[in-house]
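Just so it is clear, the values below take in all heavy atoms, side chains as well, and ignore hydrogens, waters and symmetry mates.
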Amino acid sequence: MRDLIRKISALLVSLAMLTPAAAVYADNVTGADDTEETVETVETVDDSEEADDAEDSEDSDESEEAEATLAPVTTSSSTSTFSDISAEQYAWAEPFIIEMAKKGYITGYEDGTFQPDNEVTRLEGLALFSRAMGSNNEVNEPILEIAHEQYDEMLTNYTLSWGSDEIVYLLYKGALQKSDLDTDLLGTEKNMPMKRYEAAIIITKAMGGEKEATADSGVTLSYTDAKSIPSNAIQYVQYSTDKGIMKGMDDGSFSPETSVSRSQMAVMLSRTVDQTNYTFSSVKLTDIDTSTRTVTVKDSDGNSEKLVYSDDTVMRDMGETTQAKEMTVGVQAIITMSGDTLVGIDTIASEPDTTVTGQYKSMSTSNGTISIRMIPTGETQAVKYECASDVAITFDGSPATMSSFSDGVYLTMEIVDGKVSVLKGETKTVKITSAKVESLDIDDEVTITISHGDSDYDGKTYTVADDVSVTKNSKTSDLRSIYTGDTVTLTVVYGVVEKIEATSKSGTVEGTVQAVTISSSPTITVRVDGTDTVYDVTSDVTIQINGEDGKLSDFSVGDTVKITTESNAVTKIVAESVQESSGSATGVVTGVNTSYKVITVRTDSGDTMQFQCPDSGKTVTVFITATGTTKKLSNIAADQSIEVKYTVSNGVYIATLVIILSE
């Protein structure tokens, strides 16, 4: 309802905003305060600051450049045929007025006039530049919602009958502060004419230039009346002048206390819009990399894009200004661009997209919005979740309605932008057959992740009950016997695995070791007939080397091993030490590690070999040039051609002589 009222109010405001004061307030069109109060129209200020010298080829002495304003709204008049702007005295402003009217920023009167000489009130001026910053852009509606939540209570002191969208947006963007409201909007102040120095301030803020402007403390203005410009506006006047938005009068003055006319406001607004060139996009904020100072966003079509942010990029997390490292990712956001520059990122959802499982308890409806209460898996208290208006509902794989659920049904909910978008219900006990174990995590709570031909189960992770019942190959067992690749049947009760029935296939493989990973989840990579396969190593693996007990760390690249597997896990490794042999290889150096005393060589045959180069012990590597000059390992560099004489022990290539063929 508030959105509807706000939109109707905005429409009325647009029709009335920036209409001549007397006409507007008298017929209560704009809805501005003090409807009986009228403001006299004034002559344009000393014909001086033209809209654009380049556009006004005649040396006309039009009044100061049109510095635009006027609220967007359709009236009975055509934006291209305002009846009172074609006179020669308004030639400097006419194209700007028409442009801003077409873009929906300003409007005319119901009698077809524009009333270019009428003064712009402070509220009107603020509202127009708020629109230039995006307050009336449909993409920014979620930002307006957040802004209203933050500032509506504050606005109650200012009795605004229109313009609240624009003012809360300026507050949200930091272009206005509480003190500004007291100065510009309290009581009758909102209906007082906006002065030129006040326009300079809001222009600077609308362009995002306040930081730059206020950083320059040594401003010296060239205007003849510079001393009459309020001290708090000097830097803003300089900024708006430097940017070409405002110019001086014909006599060289700035005339800070002069009121801004509708025609002048139109020109200023047009120039501001052209220079800022703001565009707004609704995206999913998927990643922020502070090392590369980039953000990754995804549009509604699923296309991803990386954008570079800078110190000037303003980031707000649900309305609170923050830093990149504190931003919430995985949520919906609105990005503001000025050309190719990322100006701002505003998240509009507090929680990242996620999947929640648990036990259904009840549902309720309020103002047409459906909410459900569910006890999340692992919790004891019910939590309330709000559903999206287009939530997709299934029960046991078939389309369903909320009435299909009863107390105790197991739910899987996909939460997108803080609301339930997908709701899947299942009966209390579900038996999942023909699944494959992808991983078994026993770090904190035990969880099992499976792959499955049914997309409803594929890739899903389940919590495993502390007293889970486990059988392996029809024999009673425990979780230690469950390996990656096992085929399992899971009995799931309220989303928790109560029973695991696993089967596995045993086999033997013989090949050469390519890599060994020593960790809490150790692996061994074995090459067979040119194909490398990574196997998990069980915690109770049996290792025998030369008939004696060994350990995983005893193996080196090149060792020949015979392994016994269950599914994709190794339960036994048997190896015989490779007898020492010798050889020679010629190739190009691709890497040198002086810490580990290793040289990597791409041989002439295209193979990659690594050679240990010991400098102590039984074997010491000798380094010489082709001419017989003695060298060291530190003299070896990438891209050098070398010849290596080596021996092989337990699959390790040990260099005995390295001849440097090129330096």
Residue set satisfying side chain to side chain donor-acceptor pair (under 3.5 Å) with Lys243, at least two apart, ordered chain then number -> none
Check: Does one side chain, of Tyr169 or Asn136, offer a donor that lies under 3.5 Å from an acceptor on the other?
Finding: no
Those residues at least two apart in sequence (or on a different chain) that pass salt bridge (Lys or Arg N to Asp or Glu O under 4.0 Å) with Asp182 are Lys178
Query raised in the report: Checking Ser421 side chain against Glu414 main chain: does a donor-acceptor pair fall under 3.5 Å?
Result: yes
Hits for side chain to side chain contact (heavy atoms under 4.5 Å, CB included) against Ser231, two or more places apart or cross-chain, chain-then-number order -> none
Across all chains, not counting sequence neighbours, the side chain to side chain contact (heavy atoms under 4.5 Å, CB included) partners of Lys298 are Lys284, Thr286, Ser304
Side chain to side chain contact (heavy atoms under 4.5 Å, CB included) filter on Thr156, not counting sequence neighbours, yields none
Contacts of Tyr236 meeting side chain to side chain donor-acceptor pair (under 3.5 Å) (sequence neighbours excluded), chain-then-number -> Glu210
Does a salt bridge link Glu320 with Arg316, judged by any charged N lying under 4.0 Å from a carboxylate O? no
Surrounding CG of Asp340 (heavy atoms of other residues, nucleotides or ligands, distance under 6.0 Å), is the total greater than 12?
no
Applying side chain to side chain donor-acceptor pair (under 3.5 Å) to Ser366 and not counting sequence neighbours gives none
Nearest heavy-atom approach of Met318 to Ser350 is SD-N, 3.7 Å
With sequence neighbours left out, the residues meeting side chain to side chain donor-acceptor pair (under 3.5 Å) with Gln238 are Asp242
With sequence neighbours left out, the residues meeting salt bridge (Lys or Arg N to Asp or Glu O under 4.0 Å) with Glu189 are Arg122
| task | Answer yes or no: is there an ion pair linking Asp353 with Lys419, defined by an N-O contact shorter than 4.0 Å? | result | no
query = Under 3.5 Å, is there a donor-acceptor pair between the Asp289 and Ser291 side chains?
reply = yes
Applying salt bridge (Lys or Arg N to Asp or Glu O under 4.0 Å) to Glu305 and not counting sequence neighbours gives none
Please tabulate, for side-chain N and O atoms in residues 321-335, each donor-acceptor pair with protein atoms closer than 3.5 Å (sequence neighbours left out).
from, atom 1, to, atom 2, distance (Å)
Thr328, OG1, Asp317, OD2, 2.9
Gln332, NE2, Ser282, OG, 3.0
Gln332, NE2, Val283, O, 3.2

Q. Any side-chain donor-acceptor pair under 3.5 Å between Ser253 and Asp251?
A. yes
State whether Asp184 and Lys190 are salt-bridged, where the test is any N-O pair (Lys NZ or Arg NE/NH1/NH2 against Asp/Glu carboxylate O) under 4.0 Å.
no
Inset, instruction - Answer yes or no: is there a side-chain heavy-atom contact under 4.5 Å between Cys387 and Ser371? - result: no
| Tyr239-Thr214 side chain donor-acceptor pair, cut-off 3.5 Å | no
>> Between Thr294 and Leu307 (side chain of the first, backbone of the second, donor and acceptor by atom type, cut-off under 3.5 Å), is there such a pair?
In response: no
For Asp301, the side chain to side chain contact (heavy atoms under 4.5 Å, CB included) test, sequence neighbours excluded, returns Asp299, Asn303
Of Ile143, Leu155, Ile146, the one forming a side chain to side chain contact (heavy atoms under 4.5 Å, CB included) with Val168 is Leu155
Next on the checklist: Under a plain distance cut-off of 3.5 Å, with no hydrogens placed, do Tyr278 and Asn137 share a side-chain donor-acceptor pair?
Outcome noted: no
**Prompt:** Under the 3.5 angstrom rule, does the side chain of Gln275 hit a backbone N or O of Thr272 as a donor-acceptor pair?
**Reply:** no
_Treating Ser135 as the side-chain partner and Glu166 as the backbone partner, does any N or O pair qualify as donor plus acceptor under 3.5 Å?_
no
